[in-house]
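For reference, the structure discussed in these notes is given below.
By convention here, the first residue in the shown sequence is residue 1.
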Amino acid sequence: MSTARLNCGYVPLVDSAPLIVAQELNFAADEGLSLNLLRQPSWAALRDLLALGHLDAAHMLAPMPIAMSLGLSGPMARIDALMVLSVNGTVIGVSNAMAEAMRRKGWPGGFASPQDTAGPMLSALDRPLRVGVPFPYSMHRLLFEYWIGHTGLADLSKMHIITTPPPLMADAVASDEIDVFCVGEPWGSVAVGNDVGELILPGAAIWAHAPEKVLAARHAWVEENPSVVGALMRAIARAAAWLDTPKNRPLAIEILARSAHLDLPHAALDHALMGRFATQFGAAPVDVPGFLRFHDRAANFPWRSQAAWIGAEIARLAGINRDHAIAMAQRAMRPDCYRQHLGPIGVDMPGASAKIEGALTHPMAVASTRGEMILGPDAFFDGEIFDFGGAE
């Protein structure tokens, strides 16, 4: 069998694991693929390489294909999100000085309560907050602004949003360039390990089931290479299922820690994959159930309703027409490809490609092709639901 070589870009984060594991454990080779994994220093670099055709596929922030398709991020390029690579996995933290100021304003500490954290954070300083995010159109920023916007305690326009590549986030905290940081692991834990920052919330405390990263590719390439696309999706689906098997996590940490991939100590990777966090330097770790999912609870399914939520938030952020943004977002998300390529190998499929977001406070069985699908919880911190009227 001939082998197809694909250039696949990623940013060094724990949630790039499905691509790395697919190559390292030969799941890609079993599908006749060789993945040339190309580590990128920033999301902007990865975006440009994908748009220009230098990458065939990429590990990408969930809002990026939508922003690119809307022409809001670099040159306009129609990008498809073929499947979700990971759900959740974001942390919000603050500098040590900021954490002390928050405690003086009554913050009780902890790593679980958006309601108890917002007020002290927003009142801690007598100047606008400087908030580091990895990309202007990232789930990190959308979750942070949803949280703050729905508290009614602050004017988002008065905050300074500063784009900072994930590997540089801890350095930006240490050099007093930012007060607050929103980033994917392991870079929040690196800030804690360097004793420059404290973690205050996991992203899952804001939205319990937020699509964080997707497998992205140019629409034209997807349409021209259906057999290769299917092979890639099957390999990654297999890797995602492997990653969500608890007994495999130690080997996953070993693979990711290698210099060819993330090149970080095991301890920096352990937190996200094991769901146990030291939120302060030297503190005892706390458990964070559901911190990061690669496969369970239909994590890989590209829901049209989640695309619509992202589209609506991007419209608010960019000041563009909401209906247009939602329509483009749904076009970018490809549940049809997911069903086409993964249904025949027995992957459980939901009965619909859209749902009401935020309605599940507990796990619930739903109609699916194999009758084995459990969804939820997917609640927003404020109890709101998102029903864009497109449920099938």
Side-chain angles (χ1 to χ4, degrees), residues 88-134 138 140-206 264-265 267-272 275-288 291 381-382:
N88 301 334
T90 292
V91 294
I92 298 174
V94 297
S95 68
N96 286 342
M98 179 76 175
E100 291 178 10
M102 289 170 60
R103 286 187 170 88
R104 289 195 293 270
K105 293 292 184 176
W107 181 51
F111 193 51
S113 176
Q115 294 86 345
D116 292 341
T117 304
M121 183 187 72
L122 295 170
S123 63
L125 304 178
D126 58 2
R127 56 170 173 78
L129 288 180
R130 301 166 300 170
V131 183
V133 299
S138 62
H140 313 77
R141 183 177 184 180
L142 299 188
L143 289 175
F144 180 83
E145 294 203 5
Y146 179 90
W147 169 39
I148 299 305
H150 282 237
T151 65
L153 297 176
D155 182 352
L156 288 166
S157 68
K158 294 182 179 180
M159 292 187 181
H160 298 313
I161 304 297
I162 301 171
T163 300
T164 308
L168 301 180
M169 197 69 78
D171 292 340
V173 178
S175 59
D176 192 31
E177 297 172 27
I178 54 178
D179 307 302
V180 182
F181 57 91
C182 310
V183 72
E185 280 294 286
W187 300 107
S189 290
V190 168
V192 172
N194 292 348
D195 196 16
V196 298
E198 181 171 345
L199 304 183
I200 61 173
L201 279 181
I206 299 169
L264 286 165
L269 307 174
D270 181 78
H271 305 294
R276 287 177 60 78
F277 285 84
T279 60
Q280 296 175 262
F281 183 77
V286 296
D287 290 323
V288 185
F291 174 78
F381 83 97
D382 55 356

Would you check if [X] and [Y] make a side-chain contact, meaning some heavy-atom pair closer than 4.5 Å?
X: His150; Y: Phe381; value: yes
X: Met169; Y: Val190; value: no
X: Ile206; Y: Phe144; value: no
X: Pro114; Y: Leu201; value: yes
X: Ile178; Y: Val173; value: yes
X: Val180; Y: Met159; value: no

Exercise for review: Return the minimal non-hydrogen interatomic distance between Ala124 and Met98, and the atom names on each side.
Suggested key: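 In this case the closest contact between Ala124 and Met98 is CB-CE, 3.9 Å.
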How long is the span from the [atom1] atom in [X] to the [atom2] atom in [Y], to the nearest 0.5 Å?
X: Thr117; Y: Leu122; atom1: OG1; atom2: CG; answer: 10.0 Å
X: Met121; Y: Leu153; atom1: CE; atom2: CG; answer: 9.5 Å
X: Glu100; Y: Glu198; atom1: CD; atom2: CD; answer: 9.0 Å
X: Asp171; Y: Asn194; atom1: CG; atom2: CG; answer: 7.5 Å

Review point. Which residue pairs pass the ring-ring contact (aromatic ring centres under 6.0 Å, His included) test when at least one of the two sits in residues 109-132, sequence neighbours left out?
Key: Phe111-Phe277
**Study point:** ring-ring contact (aromatic ring centres under 6.0 Å, His included) contacts in which one or both residues fall within residues 91-110, not counting sequence neighbours
**Key:** none
Point to revise | Flag, side chain of Asp382 to backbone of Thr151, donor-acceptor distance under 3.5 Å | key: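 A pair under 3.5 Å: no.
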Point to revise | Member of Val192, Ile92, Val94, Val288 meeting the side chain to side chain contact (heavy atoms under 4.5 Å, CB included) criterion with Leu199 | key: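 In the set Val192, Ile92, Val94, Val288, the residue that makes a side chain to side chain contact (heavy atoms under 4.5 Å, CB included) with Leu199 is Val192.
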Review point. When you look at Arg130 and Asp176, which way does the side-chain contact (heavy atoms from CB on, under 4.5 Å) test go after all the steps?
Key: CA-CA 10 Å; Arg130 301 166 300 170; Asp176 192 31; 2.9 Å; yes
